Structure formats: C-alpha cells, structure tokens
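Since the structure comes first, as structure tokens, the remarks are kept for the end.
The shown structure was predicted, so the numbers you read here are calculated from the model rather than taken from an experiment.
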Amino acid sequence: MARDLQNGPAQDKRNETKAASGGRVGIGHPTYGEVALKLLDNGYEPLPLVPGTKRPCVKAWQRASIGEAQVRSWVRTFPNAGVGLRTGNLVGIDIDVLDPDIAHQMGQIVEDRFGATLVRVGRWPKRLYMVQTATPFPKQKIRGLEILGQGQQFVAFGVHPDIARPYYWATDETPLDVPLSDLPFVDEATCLDLLTELAALLPPIGAEQRRSRKGGVSTTGTGPTRNADGLVIDGRDGWLSSIAFHAVHDAVDAGGAIDAGTLADRVWDQFAGSTVLTRGKQNGRAAYSPSDALTKVQNKLSLLAAGRLPSRTLPDARPVEVAPSLPVEEARQLLADTIGKFCTVAEAWQAAGRTGSAPRVGIRATVGLGKSAVSREQLLALQARLKEAGLPHRLLVFVPSLALADEAATGWATNNVRVAVHRGYEARMPGLRQSMCQDLDMVRLAIASGQPVFPNACMRRGGGRCHNFDLCAKQDNLRQTETADIVIAAYDNLFTGLSINTESVALMVIDEGCWERAIKTVTVGVEEITAIEAHDEPRMLDPAEEERAWADLFGMRTLAANTVRANGTVTLSRQQLIDAGLTAEACREAAALEERLRVDPGLQPGLAQAARRRAKELSQDANRSLRREDLFLALAQLLEGDVDRDGRIRLLPPDPVTKAVRVQVMGLHAIDESLAHLPILHLDATLRPQLAETVLPGLTVTEISAAMPNMHLTAVQGSFGKSTLVEDPKASPDENRRRRNRLQECVDHVRWEAARVSPGRVLVVTYKQIEPAFAAIPGVVTGHFKAIAGLDIFRDAALLIVIGRPLPGAEDIANLTSAYLGRLPEGGYHRVRRSILMRDGSRRAVLAIEHEDPDAELLRSAVCMDEVIQAIGRGRGVNRSAANPLEVQVLADEALPLVHDRVVAWDSLVPDIFQRMLLVGCAVDSPADAAALHPGLFTDDKQAQKVFERTGFKRQIPISNSFREMSLKSARYRRQGRGRSWQRVWWIKNDPLTLKERLEARIGPLAGWCPT
C-alpha cells in the first residue's frame, strides 16, 4: 500500500480517476468493459451497474456465480456500465456520515484497528473502507454505519446518483492496483466491535430529530442544515470552511508541496457538489464562487504556517480506572481483618473511658462480599465482651429504609440479643396502614417550631400527657428501643437523633451510603424576612435589653431583605452583601438573636383543640424564625468564603400563584450531637471519601475489590434516558410516540431474554415510571432506581438488566454541588469517549454522558454510576460459580469502573421482526401469512412485505449472533389452493399439533404439514 498508518485518507482524488490503461476516461470513470476482468484477476467479484445508479444491471446477482465466463458475458452485454464489487469475502466498512470531523475520526479508528487500506469516496465526507474476511457474514448496521457483508455490493467506479460526480479513491491506489488478498483481515466479531466503537461518535438520535423538525435533514446534529437530498442549504459558509480545513490537513498528510490554487479547485469541487448554490450568500447579493474556496484555503494555510491550525486527530478515550481485584477469599479475609481492627480500637476507646477521638472507619467493598454478615459476627462478639466488662455495649445500626431495617433485624437477631427497629412517629405500624402516632398534629407542630417532640407531644414531666399515651404504638417502640441491645433505624435518624440514652451505646454502624440524606433545603419568602410576629410574650427578663435586641434584629432583617431584593433572581452574590455593609459577624449575631427572641408556642401533650389554634399560629412564627436563622447563618458562611457565588443561597422565580419572591437556602444536616461522639463503622459498596467526608468527617477509608469471574457484563450502547423512554405530558404527540416505541423495543428485548434464560429469573432495574411495563413478563421481577440498595432477594437471578440511569437535571446537579461542595458548577452535561476495561485486558471506547465540571461530575457519578453499580450488585456476582453464573446487561450511556465481557450497540441487539413474531407465538416466512397471524405487528400483507424487505428477512433465520440464538422448533407447511408453495414456520413453545391448529385458525386449512 502507498500509505502508512500515519497518513489519513486524502479527499483530493476526485479528478484523478484513471482508466484501466492509465489514461483518463471521457465519462469520468472506468467502465465495466474496461476493468471487470482485471478486478476478477485481483480476486474481486465485479458486477455491472446501471450507469449513474448504484443498482446492478442483472437480477439474482446475490446468488450468481461470478467467474470468468460470466464476467466476459456481462462485459459484452454491459460494456459501459458502472462497476460494483460484491461483498462476501470482500467486506466494506461504509461510513455514511455527513459530518466531516466525525467521518474523519471514524476513519482514524478504522485505520488504527486494521491498518491502511483502500478508501472509496462518493459524496464527501462519506467514505467506505475495504477489508477482507475468510468467513463471510451478514450485513451489520447501526444508523449511518454499515458493514457490508454477504449478499451486498458497493460502487467501485461510477457516477454518484445524487451529486452527478464520479466516485473516487482517496488513496493512490484502487482495487485495480491492490488485490483482495492484500487487504487487511477481519472477522464478524471484530467488525461488530468496530461498529459499536464507531457508533460512540454518532450524535444522539434526539439531536437529529430536533434538527429535522426544523426543516432540515442532518445526520450530525451539529453541522449545517441539509435538505431532503442531503445538500447543504444553511450554514454554507461554515461548510466551505470545514471542507477547506480537511483539504489542507489531507494535503499535509499526503506530504510534498502544497499549492493553494490546486487545493482551492478541489475544495470548490466538493463544495459545489454538496451545496445548494441557487441563492446568493447571506447578504443576498453575491453568489458563491471559486474565489471563496481560495480565500478559505489561504486562511487555513496561514493558520498552518503560524502553527495555529487546529488538529483533527481524535483524542484518546480516557480510561476508566478499575480497582485491582483480589480473589474472593482473600478479599473476604481482608474485610474481616479490617473490621476486626476497628473492633479492637473501638473496644480500647471504651475501656479508656471514651477519651480522645472515637475511631471512624469506612469500608468500600464489592457488593455481595459479605460486609453485613462479617460485621455482624465480629460486632456481636465485641458486644459480648463489652457487656461482660460492664462497658457501654449497645449498637446502633443505620440503613437506607425501614424495609431494610426489618430485613436487617432478622440477621442481627440471636438467642441472647434483643433487637428493635426504631420507627418514626409518622411511620406505619408493621403490617398496618395506621401510623405509629395517633396525634401527628402535635408532633408536626413541635418539629415546625424546633421543639423536642416527646415533652411537647407525648409526655412532660410534672405535666400532662397525650390521651393516647397508654395505647400508643410509638411509645411501645420507644420502650423497645430503650432496652434493646441493637437498635436499627433509617438514615434520617442520624441527623434527628434517637430517643435513647446514647451513653449506653458503644458504636454506630452505617450500612450503605447515607450522604444523600444529609441535604437540607429551606425556603424563606422575602416578605417573611421582615415579618413582625403578632404577639406580646416577653422573651427576656430585661425589657430594655429585649427592646435593643429587637431593634438590632429588625435592622439586620431589613438590610438582608433589601440586599436580597437588589440581587435579582439569581444566586446571591458575596460582593452584593459586602457592598450593602453586611459582615459575617453581624449575620451570626442576627442568627443568635433569632434564637433568643424566638417565641415559645406553648405546646404540651394533650393540648385542647381551642388552644391548638393559637399554638399553631405561634408555631408558624417560630418556624419563620428558624428559617431566618438558617438564612443568616448561610449569609455568614458566604461572607466567610472565598467565592462570589457558592450557589447555596439563591432567589427563586416568583411563586406562580402568590407572586411572592422566595429565597432558597441549601446546606447539610450534621450528625445529631448525641451521636456525633460515637465510633462509626461505615460499610458501603460505592463509598466516595470526598462525599462521605461532608457528613462523616475524619473517616478513614479502606477499599476492597473482589474479582467476579462468573459475572458476565455486557455494556449496551444507546440512548436510554428518561427523555428517551418516559412519556412527558409537556412533550409533543410525535415525541411521546417515539418514546413509547423505544420503550416497546426494550420490553420486547426483555421478553426475548426472559424466554432465552427460562426457567431462570430475570431482574429488570429501571425508572419507576416505566417499571410496570416489564412487570407482566413471565419470569421477570422488577425494581426501580433508589429503591434497590441493600436488597438481597435477587441473588439467584440468571440475568440482570439495567435500563437507564438516574441522571439529575441541570438545576438538581447545581443544587447538589452547591450544597455538598460549596460552589456552583460550570458548564453542563456533554458526551465523551471513555475506554472501559475488558476481561482480556484490552480497552474499548464507549460513549458516556458526564458533566464538564469536576465537582458536578463527582456528584453525577455518585448519583448515576453508583446507583447502576448498586443495581448490578443485587445479582451478587461475587458469589456466583461456573455452575451458577450471572449475566448482566447495562443499557445506559455510562462508563462503569468494572470488568466488561462485551460491548454491543442497541441497534444490533434490539429484537428484529423475526424475534417479535416469535414472541407473539410463531414466525413465518410468508408476508401474507405474517399479516394474518400478527395483526398487531402488520397492517396488511403489503406492509409486511416491506418490513421483511427492510429488515433483510429473506425466508431464512436472520439470527446470526450465537448469543441470540435459541432452540427453535420449525415446520414446513403449504396452504390449500392451486399453485401454493411450501412455507416455513418457527416457534419456541407449544407442540407441533398445537401450532398447526393455531395456523389453521388464522389462515385456513393446510394441504401439507411437515414438522422438522
């Protein structure tokens, strides 16, 4: 070959197409009569094409034997025909992409994989690469990308029907110079891998559809607008500049002298062949001309000379780091040793009288490794030793939900240990719909006014008590938790505290990540900042001192309100506060005054209804004061910081009903003071130290990763976000129809996979809104994001399919970043190429959605990626054996830090018409019979015929990938009537007789039936 791996395909050979003899051809390309025999000698199978088209001149060309006799016959019959090459042993990698940057980058990937090869160009920047295979395979396709295999053909020499210009070869050589045997070798698997990798560069489908709805047709989503014929109609100046950019780069790659005039001629030729020139430039006067091409080329050459011409080299996909893994038994031993060391230190801390800092240990360990079981065993042993020594021995265990608390209680229970699940006032009684507390009104008033619940709603020493006290389920629960050896509670109690004596508690165990529960959001109306409480109860013993305090506080309230109003409806500016004369010290003093001057709402257990109305009013005043206190503390924090806007304080748009302007204050709850001094053992499969530190400062983290050789992970590339699958009332009917269709594809895929792995179970984890769509599929159980962490009931699933990922919206990710990390993120979501680790040690490029801001990306990963990893963990891959393997499919644009076995594109996995027919009973190779059998799939036999043709179903099983094959039953049948031919039917379930009866019920009596 004339090029090496460093040289890209030159896009400059259109006018250099040569005839077989080396001379130029009048019609612009070699004809079939001139080159067919030479191509045959070089190992190709040449086909005559109707001049000016891509269509062969002959019928049944797919099955024809193309030898010397046949070629000579065609030469005599079609001497002036165009020239096509039939694929089979020859393979064409067709990049049907109109974005020149993407097309070039895809070409780089092809050449990096297979080396330099022949490249044919029709409508630039589309291109086709030629390779060979020893074992022919069917066509593979993903959107604008196609691997032309068995039974296909492409134009080698001819005139492109759309632009009326000859195809050309971007290399110095053509198939006339390079035999088939000299082309790079490929096989079906490597081509499918290549197709998936190339598809990672394609823009999202939604971008294309949005572009087309605006009146243009574009396969790039980012390039110029094209008409229905693919010609550029808007963005023409940028298109001309892009052509010049690539022409200059091609010339540099080719080496040798660069002539601006020659390049300009080529640029103009490509521009004129791809652009609508019937109207003038943007100013509407002058028309585009070759001088415009020359200007663009000269500009690019000037940049090149100055060293400022941007590179077009595809950047390497950044590798996703995968933690080194240990064999399972070694990992379990390390886990046991780490927990054992924590127990030793915690025991010593208790024995020393709780002096010094208590140990805080975090363990990030693979899901299923046994964190809970190992910790229970060692902590129960520690508890026994502490109890025997007369030291505090009770354990607090915090889990994500009450459902998991009940599950955990079973694991902790032993003959000698009392276990209780702490249930909140509003929690449901076990097995009942009734709440634990029967006077929730008083509970809510106490919480709203910042008062402790028990003395204000349940019982006050020396005072009254709730009229339900003696029969209260919540009081029974409090008594159980006060005497239990182990108390299990939901995460929220970390921040609210528990109604138990923590001096008797030895340590806390936090199972799974708790950081997401720490976020605190307070909203204050701007008018509420200066609201005056309508009551006269004294707050201080000295009236004069109280009057001065009120004056100072109202002055600060007014200043804060005016400053907030002046800031506008955006995040609050630190400079705005400084300019207004606010200081951190003054804001903290105002917060302290809010606390000192806060009204006592007069709550007490069993409060009469008449008194409650007044108590409710006072509680609302107290609640406003609490929210103002939070605002002042946030203002002080902003003033003490070093950024102008940290995002924690922002003005919201006016309320649509009341028109009131509100201030939103975001922050984090701290661990309750009664718990903060205790030792902490934090067990979390997705623990991220930077986020855990915001809630559990001082945490020492150990990471333990176990190998999972019997979990087989497949990454499925495609769009599976909520905006792709979940209908939206605000979306257009066409958009919602598209989402329904995509969801139906996913449902069909799950149904197919469930049939494939039957009688094994399939677990589907997806969005809550679409979970019901999968629930009725036999053999399938479902779960949704944010409701599956810690659950152990799916450990026997044969296949686990994750569809989508919980991606926060732009405002949500900004709120999270502001609350946890104290800064507003910059930029937004974008698509990136990442390389994931394969089981053989190689790397594969995939497409993922990430945030441009590193801090926002940390939060996005914790929300999205970690939830997907938690979902995968439900299958307990670490505990699987060769006899009980686990298959996992992740349908999401997420690059996971796990070992992968396969990467496939959704287009290659989505069930085809053959599979869809099988899923509803049987598949037949007759379009007319298919329409009669499956009215839900086809409207009539003509539409069925079109579907068969479009999907390539030509009376044979189209499933070529062994992963998708199933044990099918089949039969030949013939309908009654003269001239009826034999057809074929395939099915998965049912016996032949039952299938025959079903066929006859739909299409009438059969004249012949032969099961095979």
Side-chain angles (χ1 to χ4, degrees), residues 320 322 364-369 371-372 399-401 403-404 407 511-513 516 683-688 705-706 708 710-718 720-722 724-726 746-747 749-750 753-754 757 760-775 777 780-808 836 846 848-849 860-880 885-902:
V320 177
V322 178
R364 175 175 178 144
T366 304
V367 177
L369 196 57
K371 301 183 296 295
S372 299
V399 295
S401 66
L404 286 175
E407 183 179 299
D511 199 356
E512 305 296 349
E516 284 189 86
L683 307 169
D684 183 12
T686 55
L687 192 153
R688 292 177 181 265
S705 179
M708 293 181 282
N710 296 300
M711 185 183 85
H712 307 292
L713 176 58
T714 297
V716 180
Q717 288 277 276
F720 302 97
K722 278 190 175 182
T724 302
L725 295 172
V726 180
C746 293
V747 171
H749 172 67
V750 171
E753 295 297 281
V757 302
R761 289 199 306 166
V762 177
L763 169 62
V764 174
V765 180
T766 188
Y767 307 108
K768 184 177 182 179
Q769 296 93 323
I770 61 173
E771 183 183 355
F774 305 92
I777 302 174
V780 171
V781 290
T782 63
H784 59 267
F785 299 122
K786 301 299 181 184
I788 43 83
L791 295 179
D792 195 34
I793 58 176
F794 308 114
R795 58 183 178 272
D796 63 339
L799 172 63
L800 193 157
I801 303 177
V802 181
I803 302 176
R805 73 283 181 270
L807 183 70
I836 56 175
V846 298
I849 289 182
R860 185 212 65 83
S861 296
V863 173
C864 298
M865 184 184 297
D866 292 356
E867 187 68 14
V868 172
I869 291 174
Q870 284 285 0
I872 293 172
R874 297 315 99 211
R876 299 296 191 253
V878 73
N879 298 323
R880 298 304 182 102
L886 171 66
E887 287 186 48
V888 176
Q889 297 176 8
V890 177
L891 283 61
D893 42 13
E894 194 72 54
L896 299 175
L898 300 172
V899 176
H900 292 71
D901 294 270
R902 301 174 68 236

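Between the CG atom of Leu369 and the NZ atom of Lys371 there is a distance of 7.0 Å, given to the nearest 0.5 Å. Considering CG of Leu683 and OG of Ser372, their distance stands at 6.5 Å, rounded to 0.5 Å. Atom CD1 of Ile836 is separated from atom CG of Leu713 by 7.5 Å, given to the nearest 0.5 angstrom. The structure places CD1 of Ile803 at 3.5 Å from CZ of Phe774, a figure rounded to the nearest 0.5 Å. Atom CG in Leu799 sits 6.0 Å away from atom CD in Glu753 (nearest 0.5 Å). Going from atom CG of Leu763 over to atom CD1 of Ile872 covers 11.0 Å, rounded to the nearest 0.5 Å.
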Candidate pair Ile849 and Arg805, rule side chain to side chain contact (heavy atoms under 4.5 Å, CB included), full reasoning: CA-CA 11 Å; Ile849 289 182; Arg805 73 283 181 270; 3.5 Å; yes

Test side chain to side chain contact (heavy atoms under 4.5 Å, CB included) applied to Met708 and Val899, step by step: CA-CA 9 Å; Met708 293 181 282; Val899 176; over 6 Å; no

Residue pair Leu725, Tyr767: steps toward the side chain to side chain contact (heavy atoms under 4.5 Å, CB included) verdict: CA-CA 9 Å; Leu725 295 172; Tyr767 307 108; 4.2 Å; yes

Working for side chain to side chain contact (heavy atoms under 4.5 Å, CB included), residues Ile801 and Leu891: CA-CA 7 Å; Ile801 303 177; Leu891 283 61; 3.9 Å; yes

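Looking at heavy atoms from C-beta onward, Ile869 lies in side-chain contact with Pro897 at the 4.5 angstrom threshold. Side-chain contact between Leu896 and Met865 is present, with at least one heavy-atom pair separated by less than 4.5 Å. Residues Glu516 and Val863 meet the side-chain proximity criterion, which asks for heavy atoms closer than 4.5 Å. In this structure, Arg795 and Asn879 have side chains that are not in contact, with every pair of non-hydrogen atoms separated by 4.5 Å or more. In this structure the side chain of Arg902 never reaches within 4.5 angstrom of the side chain of His900, judged on heavy atoms. Taking 4.5 Å as the limit, some side-chain heavy atom of Asp866 sits within range of a side-chain heavy atom of Arg688. Side chains of Met711 and Asp901 form no contact here, defined as non-hydrogen atoms less than 4.5 Å apart.
The pair Arg860-Glu894 meets the salt-bridge criterion, with a side-chain N (NZ, NE, NH1 or NH2) lying under 4.0 Å from an Asp/Glu carboxylate O.
When every heavy atom of Gly760 is checked against every heavy atom of Ala798, the shortest pair comes out as CA-CB, 4.0 Å. Across all non-hydrogen atoms, the minimal contact from Gly804 to Phe785 is O-CZ, 3.3 Å. The two residues Ile777 and Ala754 make their nearest non-hydrogen contact at CG2-CB, 4.2 Å. When all heavy atoms of Val846 and Ala895 are compared, the closest pair comes out as CG2-CB, 4.0 Å. Between Pro400 and Asp511 the shortest heavy-atom distance is CD-O, 3.7 Å.
Here the side chain of Glu867 pairs a donor or acceptor atom with the backbone of Lys786 at under 3.5 angstrom. A distance-only check finds a donor-acceptor pair linking the side chain of Arg880 to the backbone of Gly875 [under 3.5 Å].
Shown here are the side chain to side chain donor-acceptor pair (under 3.5 Å) partners of Arg364, two or more places apart in sequence or in another chain: there are none. Shown here are the side-chain contact (heavy atoms from CB on, under 4.5 Å) partners of Pro885, two or more places apart in sequence or in another chain: His712.
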